[in-house]
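A note on names: the letters A, B, ... follow the listed sequences, proteins ahead of strands, and every chain is numbered from 1.
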There are 2 protein chains.
Amino acid sequence: MINKGRVTIKDIARDLNLSTSTVSRALRNHPDISDATKKLVVQYANENDYHPDAIAQSLKNMRTNTIGVMVPEIKHDFFSAALNGIEDVTYAAGFTIMVCKSNESYEREVLNTRALLSNRVAGFIVSIAQNSITHDHFQSLKDKGIPLVFFDRIAEDIEASKVMIDDYEAAFKATEYLINKGYKKIAHFAGPDNMIISRERHNGYKDAFEKNNIKYDKNYVIRGGLNEEDGMIAFQKLQELPKMPDAILAVTDPVAIGAFVQINQSKLKIPDDIALMGFSNNAITSLVSPSITTVAQPAYEMGSTAAKMLLEEIHYKGSYFQHRTEVLSTQLIEREST
Amino acid sequence: MINKGRVTIKDIARDLNLSTSTVSRALRNHPDISDATKKLVVQYANENDYHPDAIAQSLKNMRTNTIGVMVPEIKHDFFSAALNGIEDVTYAAGFTIMVCKSNESYEREVLNTRALLSNRVAGFIVSIAQNSITHDHFQSLKDKGIPLVFFDRIAEDIEASKVMIDDYEAAFKATEYLINKGYKKIAHFAGPDNMIISRERHNGYKDAFEKNNIKYDKNYVIRGGLNEEDGMIAFQKLQELPKMPDAILAVTDPVAIGAFVQINQSKLKIPDDIALMGFSNNAITSLVSPSITTVAQPAYEMGSTAAKMLLEEIHYKGSYFQHRTEVLSTQLIEREST
DNA sequence: TTATTTTCCACAAACGATTGCGGTAGAACG
DNA sequence: CGTTCTACCGCAATCGTTTGTGGAAAATAA
């Protein structure tokens, strides 16, 4: 019997001369149903490849087993590793994930939020887009009572669970590490000022000078985006300065890689002429030559932690869920570039 | 009026003293509804942030605007680029994607297929897991009339649209390129034999010798997986041979990178002592030093093409959809490692 | 004025699954 | 034998939306 459509509870009920309610209860092992009927129904369901329609269940239960994930980009090591962490945890809990990427665009972030909302996801895991200005679309999720967890790129003004690293401390230690290594003129390729992570990293960088009584040169801070091309541009700007620095701290690994490519095309040698340091411990930093010193961000753990926190909130039965912010620790990985 | 739940068509109907059907038709601009009523309803809907419930719509329409995507892994450059291609095309068509990863596991592939099926995805885009043996779960999709497109890792025995590259030809040309470069003893780090892409690449490699009247040494073919660790293991096996080859053709870039790391830890130099060639043109192959010659696979285009073909099939109204197989062209990218 | 058409809207049945409630057997009890 | 209880199952409403059909009022035609 090759049915074009799928087998429903109604089909089973009709073929077995039962009511749909009985079939439903039999499949869910309800005590009201006799063992004989249960066996009959379950067997028939198996034989006919019956699987409950998640859409119908969702409509009835007013919730789905899907978790919406929004990231700025998929291809970055950090996010794909985080996605792996999210996927592993949610999968184990019987959820599937719906991944949207914002392409670092505010408009797309808003649109995707709406789409996921329309799909009644049980919760959101979000890392905010670079160009995101207002957070109204996220606030509206909270207003609707939908669990929401931010990771890495968080929104300070929204009360929600958050998973992050201490960007300030990590950048502070990274800068101090360079200072202790003997570098005097340390440039910083910073990210956009509206992003917390780049602000924090910049502040950490700045304060490291203060604590070590070193003068801080504003001209050595080149502001830009977070990707490879931004690193390339930043290095070109750097070369226009009267005096080149002897070290660069990049806000992300892609930026460091962009700088890396440009430096190799100049006459400068890493690390003798100029040291280079990244941020994230992307796989590539260990494979290029010279390998690049960086700060290891626990991407997978951030993803899995965010997922765990979200599931906790989803399953929470009480009236008021206590949100918390998890700060995961980073690790400085010393390599050949410094 | 902060409603805990979301605004539904019923709410609007009640507040406006209309029936739900009128509200629904007004929102969908049905000719039966007067302009005055339409304006009233639309304005009220906007003011109260109404958005249709995709779940309920899906249940009614018997289909969703979601496309299920299953890949073995997310973090690989190839798949994340393909995902970008898929996402861009489907997003433009008003679809969202649901991404599952099989982790190269057959069981998980079957489970995920079921989950996506339960969620009534409008269609599937799949790249098969390494350990996938039977394809029954995919055949059952076809039987249910659900559009399905394979890309890269295809199933030969299933009649469906497919997007692939000519792995045989690409490997053939790659090997011939090495032969013309003057390399005599060319090893091949091959993939698992049950995968078409590794079989095809192996055959291309083999036949290149035949065509050029060079003896083919079976011992130089090391069989393994597709990832970095497999490349490492393969190189270690290679070192146990009495005579080292003067070139290696790896089945994938990660395998090449694995070999790359191991070679650098040995006394051998690339390309003087041993040449190395990968497959996929992952970003990293251009950034390591020496950079690695590879075959460029149009990952983004494969994804976008697969998505386009799927949308075509989803929107197809006729009775019999003519499946086709798109073979995208590859490009040999010569770098320092050969 | 009456007959016919047009305009505009409501009723109700779906889609597939879940669940409170009610009801009919038979068993158990007095 | 009459009553109560238990075991088991069906009825019908529900989730939010769409859509075929019917019907009242208004507009037009005769």
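- Across the protein-nucleic acid pair, B:Leu27 atom CG and D:dT18 atom C1' stand 12 Å apart, rounded to whole Å.
- In this structure, the side chain of B:Asn131 engages the main chain of B:Glu104 through a donor-acceptor pair within 3.5 Å.
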Could you pull out the protein-nucleic contacts involving nucleotides 21-27 of chain C (nitrogen or oxygen on both sides, under 3.5 Å)?
none

Give me the distances for all protein-to-nucleotides 14-16 of chain C N/O pairs that come in under 3.5 Å?
from: C:dA14; atom 1: N3; to: B:Lys60; atom 2: NZ; distance (Å): 2.8
from: C:dC15; atom 1: OP2; to: A:Lys10; atom 2: NZ; distance (Å): 2.8
from: C:dC15; atom 1: O2; to: B:Lys60; atom 2: N; distance (Å): 3.4
from: C:dG16; atom 1: N2; to: A:Ala56; atom 2: O; distance (Å): 3.3

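- With sequence neighbours excluded, the residues satisfying ring-ring contact (aromatic ring centres under 6.0 Å, His included) with B:Phe138 are B:Phe150.
- Applying the side-chain contact (heavy atoms from CB on, under 4.5 Å) rule to B:Val89 yields the partners B:Ser304, B:Ala307, B:Lys308, B:Leu311; only residues at least two apart in sequence or on another chain are considered.
- Between the CZ atom of B:Arg14 and the P atom of C:dA10 there is a distance of 15 Å, given to the nearest Å.
- Using a 4.0 Å cut-off, some side-chain N or O of B:Ser19 falls inside it from OP1 or OP2 of C:dA10.
- Partners of B:His30 under the ring-ring contact (aromatic ring centres under 6.0 Å, His included) rule, at least two apart in sequence or in another chain, do not exist in this structure.
- Residues B:Tyr50 and B:Asp11 have side chains that never bring a donor and an acceptor to within less than 3.5 angstrom of each other.
- Residue B:Ile33 contributes atom CD1, which lies 10 Å from atom C1' of C:dT7 at whole-angstrom precision.
- Side-chain nitrogen and oxygen atoms of A:Ser21 include none within less than 4.0 Å of the OP1 or OP2 phosphate oxygen of C:dT18.
- When the side-chain nitrogen and oxygen atoms of B:Arg28 are compared with OP1 and OP2 of D:dT19, one or more of them lie within a distance under 4.0 Å.
- Residue B:Ser34 places at least one side-chain N or O closer than 4.0 Å to OP1 or OP2 of C:dC9.
- Here the P atom of nucleotide D:dT19 and the CG atom of B:Asn29 are 14 Å apart, to the nearest Å.
- Five base pairs at each end of the helix from C:dA3-D:dT28 to C:dG30-D:dC1 define two local axes, and these are offset by 70° (rounded to 10°).
- Listed by chain and number, the residues in a ring-ring contact (aromatic ring centres under 6.0 Å, His included) with A:His76 amount to none (sequence neighbours excluded).
- Listed by chain and residue number, A:Arg199 satisfy the salt bridge (Lys or Arg N to Asp or Glu O under 4.0 Å) test with A:Glu156 (two or more places apart in sequence, or in another chain).
- Spacing between atom CD1 of A:Ile12 and atom P of D:dG10 amounts to 14 Å, rounded to whole angstrom units.
- Remark: the A:Thr305 side chain and the A:Glu326 side chain contain no N/O donor-acceptor pair separated by less than 3.5 Å.
- The side-chain contact (heavy atoms from CB on, under 4.5 Å) check on A:Gln57 picks up A:Pro52, A:Asn61, with sequence neighbours excluded.
- OP1 or OP2 of C:dA10 sits under 4.0 Å from a side-chain N or O of B:Thr22.
- Regarding contacts with the backbone of C:dA10, every side-chain N or O of B:Thr20 stays at 4.0 angstrom or more from both OP1 and OP2.
- When the P atom of D:dT17 is taken as reference, atom CG of B:Asn65 falls 15 Å away, rounded to whole Å.
- The ring-ring contact (aromatic ring centres under 6.0 Å, His included) test applied to B:His135 returns no partner, not counting sequence neighbours.
- Legend: residues meeting salt bridge (Lys or Arg N to Asp or Glu O under 4.0 Å) with B:Glu301, ordered by chain and number and at least two apart, are absent.
- Scored by the side-chain contact (heavy atoms from CB on, under 4.5 Å) test, A:Ala92 finds no partners at all (sequence neighbours excluded).
- Rounded to whole Å, atom P of D:dG16 lies 16 Å from atom NE2 of B:His51.
- Contact annotation for B:Asp35: no contact, since no heavy-atom pair falls under 4.0 Å across all strands.
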